[in-house]
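Because only heavy atoms are used, hydrogens play no part in the values below, and waters and symmetry mates are left out as well, while side chains stay in.
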Amino acid sequence: MGGAVVDDAPPGVKAPDGGWGWAVLAGGFVITGFSYAFPKAVSVFFKELILEFDVGYSDTALISSILLAMLYGSGPLCSVLVNRFGCRPVMMVGGLFASLGMILASFATSIIHIYLCTGVITGLGLALNFQPSLIMLNRYFSEKRPLANGLAAAGSPVALCCLSPLGQVLQYHYGWRGGFLILGGLLLNCCACGALMRPLLPPKKAENLEESIPTEEKKIQPKKKLLDFSVFKDRGFIIYTLAASIMVLGLFVPPVFVVSYAKSLGYEDTKSALLLTILGFVDMFARPICGLIAGTKWVRPRTVYVLSFAMIFNGCTDLIGSQAKDYGGLVIFCIFFGMSYGMVGALQFEVLMAVVGTEKFSSAIGLVLLVEAIAVLVGPPGAGRLLDYTNVYMYVFLLAGCEVTLSAIVLALGNFFCIKIKHGETEAKLEMALNAAEKEGLNRGVEEEEDHEGEEEPKGKDNGKVRALKAGEEEITVMETGEKEEENTSI
């Protein structure tokens with residue numbers, strides 16, 4: 001994600017951490033809002049859809065599940081399209097798909113039509129916007145990336161605060177069909193956000209330097225893979241993917257069912273929908289604050305454990321909230337759920353970026369979302385079937401809480417035991433590389449003295465320059481004595 005400008009980060013281009021990046025952040029804010037809030041916001045139409053098509057809770061919950069499954073399951077496709085055409089054109093086409101799906105759904109005559117239009121078409125359109133916006137955010141921000149992720153993630157609760165009451169008003173004045181039609185027009189704003197995703201360009205000095213280098217001296221760059229499966233060799237990526245897959249089984253269940261829970265207790269529709277607004281309002285402030293804290297020097301190296309804490313917090317909130325018996329109890333649940341949900345939302349992709357690095361992030365996020373899509377398809381519908389069978393909301397929230405808590409345990413313990421071992425192996429390889437470089441440097445120095453007696457020896461500082469890549473990558477580059485630094489000439 002041709003004739004389009006492919007927006008790979010060019011060699012030697014440093015993330016600006018500002019400038020046009022703030023416009024990219026604004027676009028990502030809106031896209032994240034639509035992508036994550038839309039599956040929850042459409043839940044305000046579920047009661048009308050149940051009456052219109054004579055279906056059950058699990059049938060309507062499948063709409064949100066398909067939306068999320070497309071958002072997640074289209075990950076590899078988005079990665080390929082972004083790597084082939086660039087983020088901007090992919091996002092603009094995605095905006096058209098998202099709008100078209102909701103417009104077509106307004107003419108639906110069966111629940112299957114809703115699944116295909118709202119679920120598949122709109123879900124695909126949102127996916128083609130969401131993933132490229134994260135990739136561009138990762139390219140424009142480095143030092144301020146945790147804060148940028150937190151601010152962009154805040155788009156979800158802001159949109160939820162707006163879309164949930166808006167959906168209620170649209171349903172009251174225009175019915176669910178008119179509401180779907182207006183929401184379809186609203187989704188065209190995704191195209192405008194896509195237009196903000198300007199590719200990063202190398203500095204003019206670097207371009208002039210590259211042009212001055214003879215063609216035969218230029219380092220041949222390997223062709224970038226459209227989908228890089230080498231991320232599965234990284235233990236950190238495997239642990240993250242497993243934990244995230246377990247987490248999404250229960251993470252999205254409470255926001256989908258909390259409105260119906262309130263209605264089942266006898267509260268009116270508007271008052272019930274207000275719960276999502278309260279949840280979103282708390283979530284709105286939790287995300288940027290958490291991103292700001294995660295960017296501090298002490299916390300940033302430990303963000304994976306902060307994410308684990310946020311997941312345990314969220315799971316325990318579900319377990320305790322399952323005992324709510326009145327509207328006041330549900331309000332308290334939504335406040336604490338919004339806090340924990342915001343922390344998870346602000347940190348989940350920041351941790352993934354730290355694990356795999358910038359180069360592999362476009363492929364890594366696509367593969368992670370694909371694996372999570374299976375869990376998303378099982379989570380809310382499974383909870384809906386449990387509700388149809390028991391007609392007790394407590395069991396639904398208990399199940400969701402257990403799943404999220406289990407994922408936190410997997411992430412924390414897996415990172416503590418496996419990644420700690422991996423860091424030890426990396427340090428050992430680094431030490432071996434240094435020893436090998438020193439020995440090779442001495443050998444080459446003796447040979448040069450014999451062959452070129454009149455020439456000056458290179459300075460000792462140049463013997464064995466070692467660079468270890470960030471975020472746990474195990475690649476070690478050793479530049480030996482006498483070799484030219486081809487990386488500098490390729491910029």
Not counting sequence neighbours, list each pair that qualifies as a ring-ring contact (aromatic ring centres under 6.0 Å, His included) and has a residue in residues 365-398.
Y261-Y393, Y261-F397, F333-F397

Would you give the length of the straight line joining atom OG of S79 to atom CD1 of I135, rounded to the nearest 0.5 angstrom?
5.5 Å

Out of curiosity, I114 CD1 to T122 OG1, how far, rounded to the nearest 0.5 Å?
10.0 Å

Any donor-acceptor pair under 3.5 Å linking the side chain of S99 with the backbone of L96?
no

Measuring from L352:CG to L367:CG, what's the distance to the nearest 0.5 Å?
10.0 Å

Any side-chain to backbone donor/acceptor pair from S308 onto V304? Under 3.5 Å, distance only.
yes

Using side-chain heavy atoms (C-beta onward) and a distance below 4.5 Å, is E372 in contact with L369?
yes

Search all heavy atoms of V396 against all heavy atoms of L387 and return the closest pair with its distance.
CG2-CB, 4.0 Å

Do the side chains of L307 and T303 get nearer than 4.5 Å, heavy atoms only?
no

Would you indicate whether the side-chain heavy atoms of M91 and L128 approach each other to under 4.5 Å?
no

Using the test ring pair (Phe, Tyr, Trp, His ring centres under 6.0 Å), find all partners of F313 that sit at least two apart in sequence or belong to another chain.
none

Out of the candidates R145, R302, R287, only one should pair with E350 under the salt bridge (charged side-chain N to carboxylate O under 4.0 Å, His left out) rule; please name it.
R145

N129: partners by side chain to side chain donor-acceptor pair (under 3.5 Å), with sequence neighbours left out
none

To the nearest 0.5 angstrom, please state how far the CG atom of L186 sits from the CG atom of L163.
6.5 Å

Can you give the donor-acceptor pairs under 3.5 Å from side chains of residues 238-258 to other protein atoms, not counting sequence neighbours?
from : atom 1 : to   : atom 2 : distance (Å)
Y240 : OH     : Q348 : O      : 2.6
T241 : OG1    : F237 : O      : 2.7
S245 : OG     : T241 : O      : 2.7

Is any side-chain heavy atom of F361 closer than 4.5 Å to one of R139?
no

Answer yes or no: are there more than 12 heavy-atom neighbours, outside F97 itself, under 6.0 Å from its atom CZ?
no

S340 OG to I335 CD1 distance, which is reported to the nearest 0.5 Å:
12.0 Å

What residues, two or more places apart in sequence or in another chain, satisfy ring pair (Phe, Tyr, Trp, His ring centres under 6.0 Å) together with Y305?
none

With heavy-atom distances below 4.5 Å as the criterion, would you say the side chains of R300 and P146 are in contact?
yes

Counting only heavy atoms from other residues, nucleotides and ligands, does the tally under 6.0 Å from CD of Q323 exceed 12?
yes

Under 4.5 Å between any side-chain heavy atoms of L398 and L319, yes or no?
yes

4.5 Å side-chain heavy-atom contact, P157 and L279
no

If you round to the nearest 0.5 Å, how far is CH2 of W20 from CG of L196?
5.5 Å

Side-chain atoms of residues 25-38: list all donor-acceptor pairs with protein atoms under 3.5 Å, sequence neighbours left out, distances to 0.1 Å.
from : atom 1 : to  : atom 2 : distance (Å)
T32  : OG1    : G28 : O      : 2.8
S35  : OG     : I31 : O      : 2.8
Y36  : OH     : Y72 : OH     : 3.4

Are Y140 and R198 packed together at the side-chain level, in the sense that at least one heavy-atom pair is separated by less than 4.5 angstrom?
yes

Minimal heavy-atom distance between T405 and C316, with the atoms involved, is OG1-N, 4.0 Å

